[in-house]
There are 2 protein chains.
Amino acid sequence: MPRNRRPRQREEKREEIVSAARILFLERGYEEVSLARIASAAGVTSTTIYWYFTDKDELLVAVLDVVLAESLQRWTDLAELDLADKLVWVTAELKGMGRLVDTVHNRRLSSRAVDTWHENFHSMADALTRAELPADMPTTDAEAHCQIITFVVEGLLTHDHDPATARSIIDTLVQGIVRSQ
Amino acid sequence: MPRNRRPRQREEKREEIVSAARILFLERGYEEVSLARIASAAGVTSTTIYWYFTDKDELLVAVLDVVLAESLQRWTDLAELDLADKLVWVTAELKGMGRLVDTVHNRRLSSRAVDTWHENFHSMADALTRAELPADMPTTDAEAHCQIITFVVEGLLTHDHDPATARSIIDTLVQGIVRSQ
DNA sequence: ACCTGAACACCGTTCAAGT
DNA sequence: ACCTGAACACCGTTCAAGT
């Protein structure tokens, strides 16, 4: 089926570029890695990247999408844990991702694509967090707690502490929520 | 007194560069503003900036220092407010500063100077926050609450919400702390 | 001591040209 | 459709030269 082969190859080349970018972005940081460096790691020329992505920011979004999808998949296995354990898991799972968080916050102001991804990410994180809170919690309180949880997780990711401190911060946070009921 | 005149002029020129950089960094963002643009706003050549600062990051640090010093000065007038009101004031005072917060987090990974400033900032913010918590609060709890407060304030600064939502988030946060006693 | 203009190495991006 | 090499406009930074 020749109709299938081309799209397939295109998809593979695209994934090679994304996975090269992913490794380098996580290792050295978005602004530190040139498209030329990514291209050579993916076995193409830097201009070739523009055949697959409109610009560097859209390549970043593609990387964010795969990273998020993988984490989201693992999140599903956590159903039986309580809130504190889930939050500890998230900070551990996304450890070493602090650079990407900073980059998203930074590029969002210059790139529509990154800004949109960021907005979508937060609505998703919000919905996921909301589901962890007691169903009978008043909406206003729940929304505030969601924001606080998100901010604390982002803070933990971007400021890295040792696991014990992180655990203590999360416990304190969760106790405040539980006690509010 | 000719011994005084030169240092004075040097100080003035330096301040002109810093204040030009400050305006532009806040308006358009650090990475969006070239040294050439700052230089022309300050009435010099871009290479002249290197006579006063070793690189662009050190100019950023100089801007951060004056902005922080001014905010710190105003902070002193708040002695009689309670914690929630102080936090609301901080988020309002530093409104429009979100860009700088993102930039610091971003550049800290590439610049020793920015990283050091960031560390100092957090020890200072920590000490200031600690002083707002009840003196009889156990150290571990107090440290955790300090981190949570800092993360929430940073989150509010970098994700801007309308004042009412910010107020509600801060109230919820402070209630959790008060109830923990 | 202070400031400049020219130059350097690099960057993301564009484009005409190839297959 | 896909990929390239050459070129563009810009960037932070360096440096030899001026005052």
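So you know, we letter chains A, B, ... as the sequences are listed, proteins then strands, and number each from 1.
- The side chain of A:Tyr52 contributes an N or O atom lying less than 4.0 Å from OP1 or OP2 of D:dC3.
- For the pair B:Glu32 CD and D:dA9 C1', the computed distance is 16 Å after rounding to whole Å.
- Atom P of nucleotide D:dA1 and atom NZ of A:Lys13 are separated by 18 Å, given to the nearest angstrom.
- Ring pair A:Trp117/A:Phe121 is parallel by interplanar angle, where below 30° counts as parallel and above 60° as perpendicular.
- Closest approach to the B:Thr48 side chain among D:dT13, C:dC3, C:dG12 is made by C:dC3 (side chain taken as heavy atoms from C-beta onward).
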_Under the 3.5 Å Watson-Crick or G-U criterion, the dot-bracket string of DNA chain C, with | for inter-strand pairs_ = ||.|||||...|||||.||
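- Across D:dC3, D:dG12, C:dT4, the shortest atom-to-atom separation from the side chain of B:Lys56 is found for D:dG12.
- Close to D:dG5, at under 4.0 Å from its OP1 or OP2, lies a side-chain N or O of A:Thr45.
- One finds a side-chain N or O of B:Trp51 lying less than 4.0 angstrom from the OP1 or OP2 phosphate oxygen of C:dC2.
- One finds no salt bridge joining B:Asp57 and B:Arg108 here, because no Lys/Arg side-chain nitrogen approaches an Asp/Glu carboxylate oxygen to under 4.0 Å.
- Separating the CD atom of B:Glu16 from the C1' atom of C:dC2 is a distance of 14 Å, rounded to the nearest angstrom.
- B:Tyr30 and A:Asn106 share no donor-acceptor pair across their side chains, judged by distance under 3.5 Å alone.
- When rounded to the nearest whole Å, the span between CG of A:Leu35 and P of D:dC8 equals 20 Å.
- As a whole-Å value, the separation of B:Arg28 CZ from D:dC11 P is 13 Å.
- Looking at heavy-atom distances under 4.0 Å, B:Phe53 makes no contact with the nucleic acid at all.
- Here C:dA1 presents its C1' atom at 16 Å from CD of B:Glu12, a figure rounded to the nearest Å.
- In plain terms, the two heavy atoms of B:Leu157 and B:Lys95 that are nearest each other are CD2-N, 4.1 Å.
- Looking at heavy atoms from C-beta onward, A:Met137 lies in side-chain contact with A:Ile177 at the 4.5 angstrom threshold.
- Inspection of the B:Asp162 and B:Thr165 side chains reveals an N or O donor paired with an N or O acceptor under 3.5 Å.
- Note: CD1 (B:Ile49) to C1' (D:dC11) measures 13 Å, nearest angstrom.
- When distances run from any side-chain atom of B:Val44 to the nucleotides C:dT4, D:dT4, D:dG12, the shortest one goes to C:dT4.
- Between the side chains of B:Glu154 and B:His122, at least one donor N or O sits under 3.5 Å from an acceptor N or O.
- In this structure, A:Tyr50 atom OH and D:dA6 atom P are separated by 18 Å, rounded to whole Å.
- The side chain of A:Thr47 lies closest to C:dC15 when the candidates are C:dC2, C:dC15, D:dG12.
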